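Scope of the values below: all heavy atoms of this structure, side chains included, with no hydrogens, waters or symmetry mates. Given the structure is predicted, the values throughout are model-derived calculations rather than measurements.
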Amino acid sequence: MSFSSEVRQELSSQIPSARHCRLAELAALIGMSGEILSKEGCPGIKIRTENLLVARKSFTLLQKTFNIRVDVSVHVHRNEKKSDRIYTVLVKDTETAQKILRALKMTGSADSLADAHADTADDLLVQQPCCRRAYIRGAFLGAGSISNPEKSYHFEIVCSTLDRAKQLQLLIHSFGPDAKIVQRKSHYIVYIKEGAQIVDMLNVMGAHVSLMNLENIRIVREMRNSVNRKVNCEAANINKTVNAAVRQTEDIRTLRDLVGFEQLPPALADIAQLRLEHPDASLKELGEMLKPPIGKSGVNHRLRKLSFLAEQVRQEKGRRNYYDKKGNHDSASERAGSAAGSDAGAGGQSV
């Protein structure tokens, strides 16, 4: 069972004791997944859902609130991949439907099904905090979902109109979470992306068991992410230290082989010798080995000076090699020219 199904199962088992809260939840269910019928021969209210628990709760809310008879039907929709069950909760009687709509403040001026609308909930229905909680719970049951928290944090409720989405957003804002709205094709999605705010939403709706499960998953994820960040940081620091030590050792060997430590100032010679003897030591450890000890910045300054001197030696050696090669080339050219002149002179004598 998915996490979203677990939340829906927990919420569907909660039946508000107060009539005004049941009305608010019913208004959300009808607004999100219901339809008001006004065609001749089939008047009434219809709630369609793919979830048996939602259909059962709609049935229970209607019975407990209005003490009426409600019909429930099941339609199996088959396709190539799977078979889906569509549950329909239907109020057929026109007078009963009008009674429900009047209680839910969904009737028009003519007090008829033809003028009924369910675009937004009446402000009187969601005036109290408990009713706002019930309305949000009904909206989630009718058209909401939560992603698997082990993979990502995402809470959303799909609304058919922008007005309904804005009203739902305001109701959520009244409890603290910062819900946002985005349009997806012809629908408007009220969504939350942060894990802490989704926890708050579960608390608002009354899904306390799911809230604890989500908190446990969040704790494990945050600990895992924290450990990964620390490991990555330590690995990066180790790589940086090793690369710097290798580069410093190469520079020091260059100075030793081409110049000799005896040509260096004593302070640089000491740190150069220590780096060769302890290639894996940190700057702090190298500084503590000196007499007198110095800090990391002092060690770093001396090693940078050694690297600068090594680069100068390399450049000087490169220039020397260049001039040596050029001198050899010029000498060879002169010898070749001399030989050519001798041959020419000899040739002239023979003539």
Side-chain angles (χ1 to χ4, degrees), residues 147-155 176-178 180 191-200 214-330:
S147 63
N148 184 355
E150 294 183 356
K151 298 179 180 178
S152 63
Y153 298 127
H154 184 80
F155 171 98
D178 184 21
K180 295 179 173 58
Y191 70 94
I192 297 173
K193 283 285 189 181
E194 294 186 11
Q197 295 189 6
I198 294 177
V199 169
D200 293 339
L214 177 55
E215 283 286 40
N216 291 335
I217 293 173
R218 285 184 65 220
I219 291 171
V220 173
R221 280 191 63 181
E222 289 178 2
M223 290 182 60
R224 187 185 298 119
N225 292 338
S226 177
V227 170
N228 289 338
R229 283 194 297 270
K230 290 181 180 179
V231 170
N232 292 337
C233 184
E234 289 293 334
N237 288 336
I238 291 172
N239 290 335
K240 183 179 178 181
T241 302
V242 170
N243 292 335
V246 170
R247 185 172 62 253
Q248 293 161 4
T249 303
E250 291 177 354
D251 292 338
I252 292 171
R253 286 173 178 167
T254 298
L255 292 174
R256 182 193 62 185
D257 298 340
L258 299 180
V259 178
F261 288 165
E262 63 275 4
Q263 302 296 326
L264 298 175
L268 296 183
D270 291 343
I271 198 66
Q273 188 64 40
L274 280 176
R275 172 51 83 191
L276 290 180
E277 294 174 357
H278 306 280
D280 298 330
S282 65
L283 298 182
K284 181 179 180 181
E285 292 170 343
L286 289 175
E288 292 173 351
M289 295 177 190
L290 291 171
K291 295 181 180 179
I294 63 175
K296 290 172 57 177
S297 60
V299 174
N300 185 51
H301 175 73
R302 295 184 184 184
L303 290 174
R304 290 176 62 185
K305 182 65 175 178
L306 289 171
S307 297
F308 176 75
L309 294 175
E311 185 62 28
Q312 284 187 327
V313 170
R314 292 191 189 98
Q315 292 177 0
E316 183 65 27
K317 181 182 177 182
R319 286 194 295 267
R320 192 181 303 118
N321 291 338
Y322 171 76
Y323 287 121
D324 288 345
K325 289 180 181 179
K326 184 177 181 181
N328 292 336
H329 176 72
D330 292 342

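- Between I271 and R275 there is no side-chain heavy-atom pair separated by less than 4.5 Å.
- Y153 contributes atom OH, which lies 8.0 Å from atom CD1 of I217 (distance to the nearest 0.5 angstrom).
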Tell me which donor-acceptor pairs under 3.5 Å the side chains of residues 289-312 have, and how far apart each pair is, sequence neighbours excluded?
{"unit_1": "S307", "atom_1": "OG", "unit_2": "D251", "atom_2": "OD2", "d": "2.9"}
{"unit_1": "S307", "atom_1": "OG", "unit_2": "L303", "atom_2": "O", "d": "3.1"}

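- The side-chain contact (heavy atoms from CB on, under 4.5 Å) test applied to E234 returns no partner, not counting sequence neighbours.
- In this structure, the side chains of E194 and V199 stay at 4.5 Å or more apart for every pair of heavy atoms.
- Qualifying side-chain contact (heavy atoms from CB on, under 4.5 Å) partners for L276, counting only residues two or more places apart in sequence or in other chains: T249, I252, R253, R256, F261.
- Under the side-chain hydrogen bond (donor to acceptor under 3.5 Å, both in side chains) criterion, the residue pairs touching residues 276-290 are Q273-E277, with sequence neighbours excluded.
- Annotation: side-chain hydrogen bond (donor to acceptor under 3.5 Å, both in side chains) contacts of E222 (sequence neighbours excluded): R218.
- Using a 4.5 Å heavy-atom cutoff, the side chains of Y191 and K180 are in contact.
- The two residues A245 and P279 come nearest to each other via the heavy atoms CB-O, 3.3 Å.
- Listed by chain and number, the residues in a side-chain contact (heavy atoms from CB on, under 4.5 Å) with N216 amount to none (sequence neighbours excluded).
- Taking all atoms of both residues into account, the shortest heavy-atom contact from S152 to S147 is O-OG, 3.0 Å.
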Enumerate donor-acceptor pairs with a distance under 3.5 Å from any side-chain N or O in residues 225-233 to protein atoms, sequence neighbours excluded.
{"unit_1": "N225", "atom_1": "ND2", "unit_2": "R221", "atom_2": "O", "d": "3.2"}
{"unit_1": "N228", "atom_1": "ND2", "unit_2": "R224", "atom_2": "O", "d": "3.2"}
{"unit_1": "N232", "atom_1": "ND2", "unit_2": "N228", "atom_2": "O", "d": "3.1"}

